[in-house]
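For reference, the structure discussed in these notes is given below.
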Amino acid sequence: LILGQGELWSAQLVWAAIRSLHGVKCSWLDTREVITTRKSDSQTATRRFINWSQTGVATLAWLRANPVQLVIATGFIANDHDGVPTTLGRDGSDYSASILAKVTSAENCIIWTDVSGVFTADPRVVTDAVAIPIMSYKEAGELAYFGARVLHPDTMVPAIDANIPIRIKNTFRPQDFGTVIFDPKNPTQFTEDVILKEMASDATVSLPKIPVPVKGFTSVSNVALVNVEGTGMIGVPGIASRMFSALLSENISCILIAQASSEYSICAAVPGNQGAMAVEVLKKVFRAELEEKLISCVDATFSNSIVAMVGENMQLQKGILARLATALSNAGISIRALAQGSSEHNISVVVSSDDESRALRAAHSAFYLSAQTISIGIVGTGVVGSVLIDQIRDQRKELLNRFGVDLRVTALATSKKMFLGEPSVNIDDWQAQLKESAVPADLEAFARHVKNSNTPHAAIIDCTASEVPSALYETWLRQGISVISPNKKANSGPMSYYKAMREAQREAQTHFFYEANVGAGLPIITTLRDLLRTGDKFIQIEGIFSGTLSYIFNEFDGSAPFSAVVSKAKGLGYTEPDPRDDLSGMDVARKTVILAREIGMTIELADVPVRTLVPEALSDPEISSDDFLAKLADYDGELGAMCAEAAAAGEKLRYVGVIDAENKKCCVELRRYPKSHPFGGLEGSDNIITLQTKRYNKQQLVIQGPGAGADVTAAGVFADLLRLASFLGAPSAAMET
């Protein structure tokens, strides 16, 4: 007795308000008088079938009897074939509108809802998803079936049949263009003359900067993956039929089906709450085969989600599936099952429910429907770290607009405290946030926050010189977090840890970049890799890897004692607070080990003989830095004699790291070079490296430039961050602005 009363009351209230307040000549229609459903022979249909001839005649007769400007009609309700009131099911009001559009031969059908159209993804998950201005009936149908709640598939059936465009508009934002759904191969005159012209003139309509065949992504949560497998299935007809008939008998819906071409296994995705029942039903159906071991198992995995990619033109472009799989792989997401029809309108993958949101975001950005977004945690906000943050801040807008790269700093940490941004750090005011809202440092919680942020990819940048964060690189890499670091401790540490980090990279398919380990922003490690990958063989590498020692020996020409030159360098800020950290040669030794390992040598830091410039008697850490400098003059004689001897021969003393690639040996020592040699003519505090290879033998490859300083070191780290973005799928060319 109360069925549909809400619709009846609402329609009459709206009718009365419009008539009395606005003076519009209108009438209200009880759609039970015109829409009639019919019986169907289908055993699986859940929607109501319409008696089109009877509904059409009744609707047109009612309109002739009520010649008004506007009709306020009830939605959701109708009469069945016996004249008994009934409903049209879920989203029945939208269905009612589509039915009336068809029987009246309407130019278009507008569905008013609470969102501004069909989006490229759920905006609650993918925050930069945008409304799709135009799409085909097929695309809308696929998205609607796989969870896009804006439009029910049933609503489109009458419109498709009559080739009537459907438009989705937002009740709360009527100025938004919305989404138009039509047949692009057979557009109506109204679509071309009115809707498409309106879209072309609407500056608010958002279209991808790069044309792509993918229209959008959607997902279905809480899915169970039921699997039947066994050698006895191979070549046996009827297995699939028995499986699906059994599921149908229990009214279990199959959302997705995948079968190996060998026929060894077949799986079906079903609603999660029906997974256990599906397994039980199939075990009964295949009881004999299970007992005879023809079928080895019937089981199910739970906590899955389906991510669906939709686009009518995907079949016209190669590599669509490869790009999707790569995007998920780069985000550390495994595909559990996959289904694709021959039409390629929909490609669906099954992933863990824990990965559903990240999978949507990763896939969405992979097709340039949104930016390639990386969650970034920065450990160390000192000289290099603070400059890096400023560089990211200054370049972030340009990278987003021209290259589709969205760099989001989500966490900052020092040795004692950290700030976790919600959702990200305001890098215009990061110092205040770190000072006022920080909590005690916890690098485990720090990494968890960076990884679990609302982005598909995560990276931690270690801008410290500490062994504490570097000891966590392997763990971070295994957790799916890429690592970028100018910190030399990890790559020059024990060889076992060096190998463990690379193994973690391979297993988790994460990335580890460390160009700034040697030469700050100079392209040294990248050049080594390029030479190796193109088949070149190294003979020897020599380098002046310390900016401090480069300056000291460029100044040390015999006119002043060595100790005076060191004091001058300290006064100019070239040395560490304790110059022994530079003069010990350990920094050069670490860089030498890193490069040696990069070209394939297995070597420990302890294997490298180092010619220290710190007199043994002054190496005691109890001796202060000032006392060290005061007493260093007592040891000027040896180096002074070496300098004079070199000068007499027309040569210069240089402190170098040497890698003998052919004999697998390294050393750090003082060597003499003629002034004509690239090392002999060096000035200032530059770093320089010579690469002697099979290709660059007679004339060695030379790389020279500033090898220290916050600006160039931060720039080297920043370049690694952009290199990571490229590896994750960011476009290699600038997008049109």
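The model shown is predicted, which means the values in this text are computed figures rather than measured ones.
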Is there side-chain contact between [X] and [Y], with at least one heavy-atom pair below 4.5 Å?
| X | Y | value |
| --- | --- | --- |
| Val220 | Leu256 | no |
| Met135 | Leu143 | yes |
| Trp52 | Ile99 | yes |
| Arg361 | Thr373 | no |
| Ser98 | Val157 | no |
| Pro184 | Phe182 | yes |
| Asp462 | Tyr473 | yes |
| Ile266 | Phe244 | yes |

Partners meeting side chain to side chain donor-acceptor pair (under 3.5 Å) with [X] (sequence neighbours left out):
| X | value |
| --- | --- |
| Thr191 | Thr188 |
| Thr179 | none |
| Gln391 | none |
| Ser329 | Gln509 |

What closest approach, in Å, do [X] and [Y] show between heavy atoms, and which atom pair accounts for it?
| X | Y | result |
| --- | --- | --- |
| Ser348 | Asn346 | OG-OD1, 2.5 Å |
| Leu420 | Ala411 | CD2-CB, 3.8 Å |
| Ser334 | Val351 | O-CG1, 3.7 Å |
| Gln274 | Asn251 | NE2-O, 3.5 Å |
| Ala366 | Arg323 | O-CD, 3.2 Å |
| Pro174 | Lys169 | O-NZ, 2.9 Å |

Counting N and O atoms only, with roles assigned by atom type, does the side chain of [X] sit under 3.5 Å from a partner on the main chain of [Y], one being a donor and the other an acceptor?
| X | Y | value |
| --- | --- | --- |
| Glu356 | Ser219 | no |
| Thr120 | Val130 | yes |
| Ser265 | Glu229 | no |
| Thr410 | Gly421 | no |
| Asn304 | Val350 | no |
| Ser375 | Ala458 | no |
| Thr510 | Leu477 | yes |
| Arg358 | Ile333 | no |
| Arg336 | Ser305 | no |
| Gln433 | Asn426 | yes |

Using salt bridge (Lys or Arg N to Asp or Glu O under 4.0 Å) as the criterion, list what pairs up with [X], not counting sequence neighbours.
| X | value |
| --- | --- |
| Arg533 | none |
| Glu139 | Lys215 |
| Glu474 | Arg478 |

Face-on cation placement of Arg167 at Phe177 ring, 6.0 Å and 45° thresholds
yes

Is there a side chain to side chain contact (heavy atoms under 4.5 Å, CB included) between Thr37 and Leu88? Walk through the geometry before answering.
CA-CA 9 Å; Thr37 64; Leu88 297 177; 4.0 Å; yes

Between [atom1] of [X] and [atom2] of [Y], what distance do you get to the nearest 0.5 Å?
| X | Y | atom1 | atom2 | answer |
| --- | --- | --- | --- | --- |
| Leu407 | Ile427 | CG | CD1 | 8.5 Å |
| Ile77 | Ser96 | CD1 | OG | 8.0 Å |
| Ile376 | Ile484 | CD1 | CD1 | 7.5 Å |
| Asn186 | Asn163 | CG | CG | 4.5 Å |
| Asp428 | Arg393 | CG | CZ | 6.5 Å |
| Thr455 | Ile374 | OG1 | CD1 | 8.5 Å |

Criterion side chain to side chain contact (heavy atoms under 4.5 Å, CB included) on Leu282 and Leu247, from CA distance to verdict:
CA-CA 8 Å; Leu282 294 177; Leu247 296 176; 4.3 Å; yes

Give a yes or no on this: more than 12 heavy atoms of other residues, nucleotides or ligands lie within 6.0 Å of atom CG of Asp429.
yes

For Glu444, I'd like to know if atom CD has over 12 heavy atoms of other residues, nucleotides or ligands within 6.0 Å.
no

Does the plane of the ring in Phe367 sit parallel, tilted or perpendicular to the ring in Phe217? Use 30° and 60° as the thresholds.
tilted

Which word best sums up how the rings of Phe512 and Tyr514 line up, parallel for under 30°, tilted for 30 to 60°, or perpendicular for over 60°?
tilted

Verdict with supporting geometry, Met314 and Met309, side chain to side chain contact (heavy atoms under 4.5 Å, CB included)
CA-CA 9 Å; Met314 291 194 299; Met309 176 172 67; 3.8 Å; yes

Using a 3.5 Å cut-off and no angle test, enumerate the donor-acceptor pairs between side-chain atoms of residues 107-116 and protein atoms at least two apart in sequence or in another chain.
| unit_1 | atom_1 | unit_2 | atom_2 | d |
| --- | --- | --- | --- | --- |
| Ser116 | OG | Asn170 | ND2 | 3.0 |
| Ser116 | OG | Asp176 | OD2 | 2.6 |

Could you pull out all residues at least two apart from Thr326 that satisfy side chain to side chain contact (heavy atoms under 4.5 Å, CB included)?
Asn330

Under the salt bridge (Lys or Arg N to Asp or Glu O under 4.0 Å) rule, what pairs show up with a residue in residues 242-252, not counting sequence neighbours?
Arg242-Glu289

Ser482 versus His457, side-chain donor and acceptor atoms under 3.5 Å
no

Please report the C-alpha distance between Ile392 and Leu399 in whole Å, then the side-chain angles of each, then the deciding distance to 0.1 Å, and finally whether the side chain to side chain contact (heavy atoms under 4.5 Å, CB included) criterion is met.
CA-CA 9 Å; Ile392 292 173; Leu399 291 170; over 6 Å; no

According to ring-ring contact (aromatic ring centres under 6.0 Å, His included), who are the partners of Phe119, at least two apart in sequence or on a separate chain?
none

Sequence neighbours excluded, which residues qualify as ring-ring contact (aromatic ring centres under 6.0 Å, His included) partners of Phe190?
none

